[in-house]
Amino acid sequence: MRIDIITVLPEMLEPFTTQSILGRAQKKGLAEIHVHNLRDYTTDKHRRVDDYPFGGFAGMVMQCQPIDDCIAALKAERDYDEIIYTSPDGEQFSQPMANELSLKKNIIILCGHYKGIDHRIREHLITREVSIGDYVLTGGELAAAVMADAIVRVLPGAIGDEQSALSDCFQDNMLSAPVYTRPADYKGWLVPDVLLSGHEAKIKEWELNQMIERTRKLRPDLLNE
Ligand code: 6GU
C-alpha cells in the first residue's frame, strides 16, 4: 500500500518514516510512505500556506489553494481510497480502523495545523476525519505518524512473526497476557509454572484466562462493547 502524507513540517515525519517498522516495511516493499511539503504547492511568493480567518476569530487558518493543488497533483498520478484529515474533532482512531485502512491501496493523510484548514477543503475533498484521542496536539504530524505505524504494522510480513500482529492487544477487543523471558527465576521473582510445563493446551488456557482477567480488571469497557 501507499500512504501520502501532506504536512507543513516534513522534517518532523522523516524519522518515523525511515526508522523502525515503517522503515523496514518500506525496504521489504510492503508499503511506501511519501511525505509532501505543503509549502511546495503554494502560489504565494512568500511560501505562506495560512491566512487570518474571516469573521475576526483568533488564530490562523490553512488556505484552500496549496491543499487543493497538492491533492490534485497526487490524484493526477493515482486513485485514492481515502483522503484523511487529522483533527481532534474527527472519528476516533482505533485498531479496527487501522486494520480497515491497511486493506486500502492508496491513502492520503493531510496534517492539520494552526486553527485548522479552510472548511471548504473538508467539505469538498476530505473523505474521512480522524482524531487519535481526546486531547489537542499542536499539529497533525504526530497523529499521522501514529496512524501510519498502526496501519503498516498489520500488513502481512511487516513484523517478524506474522502471527504477532494478529495476537496484539485490542485485536480481539482484549488486552494481551503478560510475557516472560529467561531466567525463570530472577532474584526469587518466578515465572508462572504453567509456562515452563511445555503443556501447550494448558498454556493456551492460561493465556486466555489472563487476557480475560486483565481486560476485566483494567479495561472493563472493552468487554461491554
Ligand atoms: Cl488528529 N490532530 C490534532 N491537532 N490534535 C489531536 C489529534 C489530531 N488527535 C488528537 N488530538
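Residues: numbered from 1 along the sequence shown.
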Minimum heavy-atom separation for [X] to [Y], with atom names?
| X | Y | result |
| --- | --- | --- |
| Ala184 | Leu196 | CB-CD1, 4.0 Å |
| Met211 | Ala177 | CG-N, 3.7 Å |
| Gln19 | Pro15 | CG-O, 2.8 Å |
| Ile83 | Ile126 | O-CG2, 3.5 Å |
| Phe170 | Leu222 | CE2-CD1, 3.8 Å |
| Gly112 | Met62 | C-SD, 4.1 Å |

Determine whether [X] and [Y] make a side-chain contact, defined as any pair of heavy atoms from C-beta on separated by less than 4.5 Å.
| X | Y | answer |
| --- | --- | --- |
| Ile71 | Ile67 | yes |
| Arg216 | Leu223 | yes |
| Leu195 | Ile203 | yes |
| Asp68 | Arg120 | no |
| Tyr85 | Ile121 | no |

Criterion side chain to side chain contact (heavy atoms under 4.5 Å, CB included) against Leu101, the qualifying member of Asp81, Ile3, Val130, Ile151: Ile151

Treat each ILVMFWY residue as a node, draw an edge where side-chain heavy atoms are under 4.5 Å apart, and state whether Val154 and Ile107 are in one component. no

Flag yes if Ile6 and Met1 sit in one hydrophobic cluster, no otherwise; membership is Ile, Leu, Val, Met, Phe, Trp, Tyr, and two members link when side-chain heavy atoms are under 4.5 Å apart. yes

Neighbour count >12 (heavy atoms, 6.0 Å) for atom [atom1], [X]:
| X | atom1 | result |
| --- | --- | --- |
| Arg78 | CZ | yes |
| Lys104 | NZ | yes |
| Asp89 | CG | yes |
| Glu200 | CD | no |
| Lys28 | NZ | yes |

Lys204/Glu207 under salt bridge (Lys or Arg N to Asp or Glu O under 4.0 Å): CA gap, chis, key distance, verdict: CA-CA 5 Å; Lys204 280 265 165 265; Glu207 184 190 26; 3.5 Å; yes

Which label fits His34 and His36: parallel for a plane angle under 30°, tilted from 30 to 60°, or perpendicular past 60°? parallel

Can you classify the ring geometry of Tyr180 versus Trp206 as parallel (below 30°), tilted (30 to 60°) or perpendicular (above 60°)? tilted

Residue set satisfying salt bridge (Lys or Arg N to Asp or Glu O under 4.0 Å) with Arg24, at least two apart, ordered chain then number -> none

Only pairs under 3.5 Å count here: list side-chain donor-acceptor contacts from residues 93-100, not counting sequence neighbours, and write none if there are none.
unit_1, atom_1, unit_2, atom_2, d
Ser94, OG, Met97, N, 3.3
Gln95, NE2, Asn99, OD1, 3.0
Asn99, OD1, Gln171, NE2, 3.2
Asn99, ND2, Gln171, OE1, 2.9
Glu100, OE1, Arg128, NH2, 3.4
Glu100, OE2, Arg128, NH1, 3.1

Which side-chain N or O atoms in residues 132-146 pair as donor and acceptor under 3.5 Å with protein atoms at least two apart or in another chain?
unit_1, atom_1, unit_2, atom_2, d
Tyr135, OH, Ile132, O, 3.0
Glu141, OE1, His113, NE2, 3.0
Glu141, OE2, Thr7, OG1, 2.5

